[in-house]
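Inspection log for the structure reproduced underneath, given as structure tokens.
Index from 1, following the sequence.
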Amino acid sequence: MASQMMEALMELCQERHIDQLYLIDQLEKSLAKSYADILHLPFGAEVTIDRATGKVYVYELVPVEESYDEEEDEYTEFTKRDVTPKDTSRIAAQHAKSEINAIVRNSARRQIFEEFSDRIGDIITGTVLQSTPDFTIVKIREGVEAELPHFDLRHHENERNERPMGARYRHNDRIKAVIIDVRDPDANNVQPVRGEHSRPPIVISRTHPALLRRLFELEVPEIYEGSVEIKSVAREPGQRSKVAVHSLDSRLDPVGACVGPKGSRVRTVVSELRGERVDVILWDEDPARYVANALSPARVTRVLIDEEKRYAGVIVPDEQLSLAIGKEGQNARLAARLTGWHIDIKNETLAADILRNMPVRQEPENDLLDDDEPGRCAYVNEDGIRCRNQARPGSRYCGVHESDAIESAEDLI
């Protein structure tokens with residue numbers, strides 16, 4: 001019986017790629033604790049398994065009186081006395097089963113960690129196995145599962161919700177996700193959360209911006225080959241996203257490449273994201289143009305840039321204001337995340353009112369013309385000479401200097 005057990009252990013070790021000596025050593029430690037309780041051995045036991053025959057030997061640890069340490073209040077040396085019971089094989093088989101299962105699970109988690117720890121940020125395709133209120137289990141391949149967390153934030157304030165709002169996954173649904181973490185099974189400094197012992201080591205996300213990048217890489221050959229580059233991504237998962245793209249080839253239209261013939265490429269991405277709207281915009285090294293593009297589909301009249309404060313004042317036609325801001329500010333919010341600039345949007349009417357109410361620079365006393373001509377342009381040059389032109393209707397400036405006045409109003413808009 002013992003010999004058969006050893007043969008079965010060796011076959012299992014080869015099948016699961018487990019170190020045989022490690023398995024037997026762990027089994028000996030587990031049996032030692034159990035026999036110490038069963039035989040009521042006050043100082044513990046030591047178990048040895050014969051590697052050839054599989055026979056189990058149990059020894060009681062007997063303290064040596066001369067080795068007693070009064071300061072530590074313990075014995076430091078022990079002798080061994082053979083107390084092997086007759087039914088060791090039966091007890092050993094029971095412990096071997098539970099110990100082997102634990103070792104196999106830990107070994108599998110270790111192999112998964114070593115395989116996937118370098119794949120953080122990669123996209124995977126899996127099949128939904130199970131959904132709970134806190135997470136969804138996704139099967140990547142046989143024997144490898146991943147966890148998609150979607151905690152109730154009322155009870156898990158410090159956790160990220162990796163499922164788009166309103167999304168539901170049913171058994172056998174096929175989904176794509178991006179790997180965001182691989183838990184180390186040997187990390188002792190990680191605080192386990194509820195159900196951690198039964199959850200897979202791979203953590204995936206459907207809300208991470210990297211998912212959008214990887215989906216476009218799959219659908220757009222120009223991005224995969226490197227001729228088109230994704231510069232930035234901003235997402236409100238499940239609702240709307242913006243992607244800024246740039247072409248390294250001046251002859252290639254990056255937006256057209258991402259959209260595809262009749263919108264086929266971007267439509268595939270939207271389908272995978274289950275209807276999330278995706279805006280593809282052109283990246284530009286000029287911040288003003290970049291901000292204007294990011295507010296698409298709204299048309300922008302002018303963008304005033306303060307590079308030091310990373311502030312962009314945007315003027316849009318009156319009828320485009322609501323489109324530029326978006327529903328509940330979504331379009332402006334995503335544009336700000338995409339560009340990294342603080343964006344302040346005003347319509348042309350409000351911008352004109354601000355210009356009309358701007359204080360006029362004080363004119364020198366020796367100016368040849370006085371303020372008794374209210375229709376004059378209010379512009380004053382660096383030498384203190386006031387413009388002699390007539391102001392445009394509804395403005396304090398002439399057609400030549402009105403644009404200069406708008407530039408000077410940058411901090412007020």
Discussion item. I'd like to know if the side chain of Ser247 and the backbone of Ser250 have a donor-acceptor N/O pair within less than 3.5 Å.
Written reply: no
Discussion item. Please determine whether a side-chain nitrogen of the Lys or Arg among Lys33 and Asp37 lies less than 4.0 Å from a carboxylate oxygen of the Asp or Glu.
Written reply: no
Worksheet item: Passes side-chain hydrogen bond (donor to acceptor under 3.5 Å, both in side chains), Asp50 versus Tyr57? Steps please.
Response: CA-CA 8 Å; Asp50 190 304; Tyr57 298 92; 4.9 Å; no
Worksheet item: Can you tell me how far OG1 of Thr339 sits from CD1 of Ile281, rounded to the nearest 0.5 angstrom?
Response: 8.5 Å
Fill in: Salt-bridge present (Arg214, Glu272; N to O < 4.0 Å)
no
Discussion item. I'd like to know whether Asp25 forms a salt bridge (Lys or Arg N to Asp or Glu O under 4.0 Å) with Lys29, so could you lay out the CA-CA distance, the side-chain angles of the two residues, the decisive distance to 0.1 Å, and finally the verdict.
Written reply: CA-CA 6 Å; Asp25 180 63; Lys29 291 178 181 179; 3.5 Å; yes
Worksheet item: So which heavy atom on Val220 is nearest to which on Cys258, and how close?
Response: CG2-CA, 3.9 Å
Discussion item. Rounded at 0.5 Å granularity, tell me how far NZ in Lys231 sits from CH2 in Trp283.
Written reply: 4.5 Å
Discussion item. Tell me which one of Val303, Val300, Ile325, Asn331 satisfies side chain to side chain contact (heavy atoms under 4.5 Å, CB included) with Ile345.
Written reply: Ile325
Discussion item. I need the minimum non-hydrogen distance between Ser296 and Arg240, along with the two atoms involved.
Written reply: O-NH2, 3.8 Å
Worksheet entry | Residues Lys242 and Asp279 bridged, charged N to O under 4.0 Å | yes
Worksheet entry | Closest non-hydrogen atom pair between Ala335 and Leu295, with its separation | CB-CD2, 3.7 Å
Worksheet entry | Side-chain donor/acceptor of Ser117 to backbone N/O of Phe113, under 3.5 Å | yes
Fill in: Shortest non-hydrogen contact between Ala45 and Ala32, atoms and distance
O-CB, 3.5 Å
Discussion item. Could you walk me through whether Thr349 and Asp318 satisfy the side-chain hydrogen bond (donor to acceptor under 3.5 Å, both in side chains) test, starting with their C-alpha distance in whole Å, then the side-chain angles of each, then the deciding distance to 0.1 Å, before giving a yes or no?
Written reply: CA-CA 7 Å; Thr349 300; Asp318 293 1; 2.4 Å; yes
Practice prompt. Using a strict cut-off of less than 4.0 Å between a Lys/Arg side-chain nitrogen and an Asp/Glu carboxylate oxygen, indicate whether Arg333 and Glu328 qualify as a salt bridge.
Written response: no
Discussion item. Do the side chains of Glu276 and Arg274 get close enough for a salt bridge, i.e. N-O under 4.0 angstrom?
Written reply: no
Worksheet entry | Arg183 side, atom CZ; Ile202 side, atom CD1 - distance, nearest 0.5 Å | 10.0 Å
Item to complete: Kindly assign one of parallel, tilted or perpendicular to the pair Phe43 and Phe78, based on the angle between their ring planes and the thresholds 30° and 60°.
Response: tilted
Worksheet item: Is there a side-chain contact between Thr136 and His150 (heavy atoms, below 4.5 Å)?
Response: yes
Worksheet item: Should the pair Arg299-Glu319 be classified as a salt bridge under the 4.0 Å nitrogen-to-oxygen rule?
Response: yes
Worksheet item: What are the two closest non-hydrogen atoms of Ile112 and Gly143, and how far apart are they?
Response: CD1-O, 4.0 Å
Discussion item. Assess, by modelled atom type and distance only, whether the side chains of Thr127 and Asn172 contain a donor and an acceptor separated by less than 3.5 Å.
Written reply: no
Worksheet item: Rounded to the nearest 0.5 Å, how far apart are NZ of Lys327 and OG of Ser322?
Response: 13.0 Å
Fill in: Close side-chain approach of Lys346 and Val316, heavy atoms under 4.5 Å
no
Discussion item. With rounding to the nearest 0.5 angstrom, report the CG to NZ distance, Leu215 to Lys176.
Written reply: 7.0 Å
Practice prompt. Please tell me if the side chains of Arg235 and Leu211 come closer than 4.5 Å, counting only heavy atoms from C-beta onward.
Written response: yes
Discussion item. For Arg302, is there an ion pair with Glu348 - N to carboxylate O distance below 4.0 angstrom?
Written reply: no
Worksheet item: Is there a donor-acceptor pair under 3.5 Å between the side chain of Ser241 and the backbone N or O of Pro237?
Response: no
Fill in: Modelled atom types, side-chain donor and acceptor of Asp82 and Thr84, under 3.5 Å
yes
Worksheet item: Are any of the side-chain heavy atoms of Ser232 and Tyr290 separated by less than 4.5 Å?
Response: yes
Worksheet item: Donor-acceptor pair, Ser30 side chain versus Leu27 backbone, under 3.5 Å?
Response: no
Discussion item. Does any part of the side chain of Glu229, heavy atoms only, come nearer than 4.5 Å to the side chain of Val245, both counted from C-beta?
Written reply: no
Item to complete: Dump the intermediate steps for side-chain contact (heavy atoms from CB on, under 4.5 Å) on Tyr169 and Gln130, then the final yes or no.
Response: CA-CA 9 Å; Tyr169 306 118; Gln130 175 190 5; over 6 Å; no
Fill in: Test side-chain contact (heavy atoms from CB on, under 4.5 Å) applied to Ile180 and Ile204, step by step
CA-CA 5 Å; Ile180 59 171; Ile204 58 178; 5.9 Å; no
Worksheet item: Do Phe116 and Val144 come close enough that some side-chain heavy atom pair is under 4.5 Å?
Response: yes
Worksheet entry | Other residues, nucleotides, ligands: >12 heavy atoms within 6.0 Å of Arg289 CZ | no
Worksheet item: Would you call Asn161 and Thr207 a side-chain contact if the rule is heavy atoms closer than 4.5 Å?
Response: no
Worksheet item: Do the side-chain N and O atoms of Glu28 and Thr48 include a donor-acceptor pair separated by under 3.5 angstrom?
Response: no
Discussion item. Treating Arg277 as the side-chain partner and Gly238 as the backbone partner, does any N or O pair qualify as donor plus acceptor under 3.5 Å?
Written reply: no
Discussion item. Any heavy-atom pair between the side chains of Val83 and Leu39 that's under 4.5 Å?
Written reply: yes
Worksheet entry | Pair Glu115 + Arg141: basic N to acidic O under 4.0 Å | yes
Item to complete: Check Ala210 against Val178 and note the closest heavy-atom contact, atom names and distance.
Response: CB-CG2, 4.1 Å
Fill in: Presence of salt bridge, Arg265 and Glu222, under 4.0 angstrom
yes
Practice prompt. Kindly indicate, with the supporting measurements, whether the criterion side-chain contact (heavy atoms from CB on, under 4.5 Å) is fulfilled by His342 and Arg310.
Written response: CA-CA 6 Å; His342 174 77; Arg310 293 194 66 80; over 6 Å; no
Worksheet entry | Ion pair check, Lys80 and Glu46, cut-off under 4.0 Å | yes
Practice prompt. Go through the steps for Tyr59 and Val47 under the test side-chain contact (heavy atoms from CB on, under 4.5 Å), then give the verdict.
Written response: CA-CA 6 Å; Tyr59 301 94; Val47 173; over 6 Å; no
Practice prompt. Report the distance from atom OG of Ser227 to atom NE2 of His246, rounding to the nearest 0.5 Å.
Written response: 11.0 Å
